[in-house]
Structures are given as structure tokens and as C-alpha cells.
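Both ligands and their constituent atoms are indexed starting at 1 by order of listing.
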Amino acid sequence: MERIYFDNAATTALDPAVLDTMLPYMTEKFGNPSSIYSYGRESRLGVENARKSVAKILNANPGEIFFTSGGTESTNTAINAAIRDLGCRHIISSPIEHHATLHTVEHVYCRDEIRLSWVKLLPDGHVDMEDLRRLLAESKERTLVTLMHANNEIGNLLDIHAVGNLCKEFDAIFHSDTVQTVGHYPFDLRNTPVHFINGAGHKFHGPKGVGILYINENVKIHPYLMGGSQERNMRAGTENLYGIVGFAKALEMATENHEQHSTYINDLRMYMAEQLEQHIPGVGFNGDLKGRSLYTVLSVSFPKTEKSEMLLFNLDINGICASGGSACTSGADAGSHVIRALSSDPNRIAVRFSFSHTNTKAEVDTVVTKLKELI
Ligand SMILES: Cc1ncc(COP(=O)(O)O)c(C=O)c1O
């Protein structure tokens, strides 16, 4: 059976050209980047060229880019550093963040006895900026604001400049989880008021287990992982050499193809939304589909029936891969904290379809036809 993969917000397939770039670093160029002889120097060059390339694409200094194991580690580093090193005693976040953020802020809230506030959300899932201003204005302590750039479940996009400027006004530290947008949108970090952002290679056809943390040069923090002096003493542990080289190559390709791919993927998503509206009675969409929204994600709300409750399972039996909850828990659907935070209607079920440039309209047609049968 041909499978249809509509879960690209969970992870993407490695691009063969990215693999080709990585392979020499798995075989002949295997040296430890910390070694001083030729093998080591060759590997070091691979890491530093990757850093330069990533920094150039994001318009940052190479000294502001740190390679990590992925989005989760980067977020943990930023949030812990804001409390421990930057004097933040109050965190403002939202209930629809990824668990990498939610569980980290809840952990530091309990451990360090700091204050934790949840910003209000508007009915379409966007952050209520007036409430954010109020929370910041009322905060007597230095504050960390951690809000994601694009929501991985419903696709809503944050106005990162507006939030950053508000944080600046109140001298707050701003971390944005950009895992769903790095590799999908152009960034201009030199002109973006943000202290920390992160990225994960596997979200844009790069390898898994490698990511970045951007630390604005004006903030000075201590490392999260202790050990060797890798990453300029900021992230100990032998570098994931082929991962890092693959991350940079995938980001270069994503950047080169951005215009073409983003238009293509958005058309595919809107085509699927249109087809669903035409063919499935009672269908709806979570988030701000026609407004500020990530072009890869379509979060569909179906009326709950005995049949639709088994939808993800039945889609899987038919070779269709989609997700019911957050990317990282797909498969064992424990319900979605994001959907719960936005709607208390127990009579709807949410399925996230997420696309890449390798998907086609024919696949959308097949999935819509199958959904008609399954709903
Ligand atoms: C928005 C968001 N943040 C963080 C993560 C975690 O990234 P990683 O799996 O690379 O640690 C994910 C992955 O699903 C994500 O979608």
C-alpha cells in the first residue's frame, strides 16, 4: 500500500542532497572537531562553516549560533538561563506552547519559586496583546516572556516583532520557540528584538537530533550542560558533526526554495480546506487559517461521532499519516492541550494535517475521499 505522509509538522523526510552532504562526515571525515591534527581540523572546519552559513541565513553573528541536540534542549537552556543568569523571577507564557516549553516553565516555577503567569488567548488562538501588556506592566520582578512563533498544532503565527518590542519596553527577556518557523520563513535576527530562538533540523528536511540555539550577543549566560569546552564553552559534548553539517545544508536548501515551496505548500493546504468544506458536513478549522497562520499546518475539526472517534486509527489503516495531538505524542493520542485550551466543546475531534513540498494535490484528493468514507 502506498502511504501518504501528511504529518510534516511532526518531522520531515531527510532530503537526499542533505544526506549526500552528511555522508563524508560519517565516513572519511570522522575526526573529533576538538582534535588538533588534520582529521580534527577537517571536522572543525565542517562545524564552523555550518555555523557561518546558518548565521548568514538568519542574519546573526556566527558567535550567536550554538548547535544543540534540538528544539527541546535549546528551549531548556534558554529558560533555565533566564532564571539563573539573567535575574528573571517571573515567567509569562501561554497554555498552548509545546511541552518543551510548558514542562520546563512548570519545572522552574516549582524549583525556583518564581511567579508564572499565563497570557490570555483570543478566541482564534492568538495571544491577547493587551493582556500581555497588562501582565508586563504589573510585573514588579524582571520577567521572561516565552511565546512560540508558530503553534505546531493549529499553525497560528505570533507577531514576534510586536511581542519583542513590548518586552523591550518593560526590559523583559524574550524567548521564542521558532522550531516550526526556522527553515520555513526568512529571519532577520539583527533586526528582531528577541534574546533567544531555537530550531530543529528535522522540521525542514534535515537530520534529527540536531538544532540551534540563538543567543543574542547582548545576553551573557552560563552553559546548561557541563563538561568539555565545545561550542565556545556553552554546550559541552562532542559535536554531532554530520548532524550539524546536515542542518546547515537543509537550511540553505530551504532558504533557496522558500518562495516556491511556501506558495506550493500553502496552495495545497488551502485546496484541502476547500475540498473538506465542500465534501464533509460540519467540518471546521482550528486556529486562524485565513489570517496569520503557518502555511504547512491545517488543523481540522470534525463533528464527533462513533466513527470519527476512530478516525486517526482508520486513517492509519488506510496508509494515511496524520496527527491528533502534538507532534511529539502522535501515535499515542492523549488529546491535545492546545485544542483543550481553545475550546471546551467535547463534541469535536481535531486532526492535524501538515504538508511539505513533496506532497501533491492527488494525495489530498485521496485523503478527502477516504475521509468522506470514514466520517
Ligand atoms: C514548536 C515545537 N517546539 C519544540 C519542539 C521540540 O523539538 P525537538 O523534537 O527537536 O526537541 C517541537 C517538536 O515537535 C515543536 O514542534
Out of all atoms in ligand 1, which are within 4.0 Å of some heavy atom of [X]? Include the element for each.
X: Lys203; value: 12 (C), 13 (C), 14 (O), 16 (O)
X: Asp177; value: 1 (C), 2 (C), 3 (N), 4 (C)
X: Met148; value: 1 (C)
X: Ala200; value: 10 (O)
X: Gly71; value: 7 (O), 8 (P), 10 (O), 11 (O)

Joint cluster assignment, Phe204 & Val179, ILVMFWY side-chain distance < 4.5 Å: no
Ring pair (Phe, Tyr, Trp, His ring centres under 6.0 Å) assessment of Tyr295 paired with Tyr185: CA-CA 10 Å; Tyr295 58 85; Tyr185 286 92; 5.3 Å; yes
Ligand 1 to Glu73 polar contact by distance, N or O atoms, under 3.5 Å: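 No, Glu73 has no N/O under 3.5 Å of an N/O on ligand 1.
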Backbone N/O of Val182 and side chain of His149: donor-acceptor pair under 3.5 Å: no
Polar side-chain atom of Ser308 near backbone of Thr305 as donor-acceptor pair, under 3.5 Å: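 Yes; judged by distance alone, with no hydrogens or angles, the pair exists.
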Pairwise side-chain hydrogen bond (donor to acceptor under 3.5 Å, both in side chains) hits with a residue in residues 237-250, at least two apart: Arg44-Glu239
Counterpart residues, side-chain contact (heavy atoms from CB on, under 4.5 Å), relative to Ser117 (two or more places apart): His90, Ile92, Arg115, Leu135
Heavy-atom gap His202 to ligand 1 smaller than 4.0 Å: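 Flag set, His202 near ligand 1.
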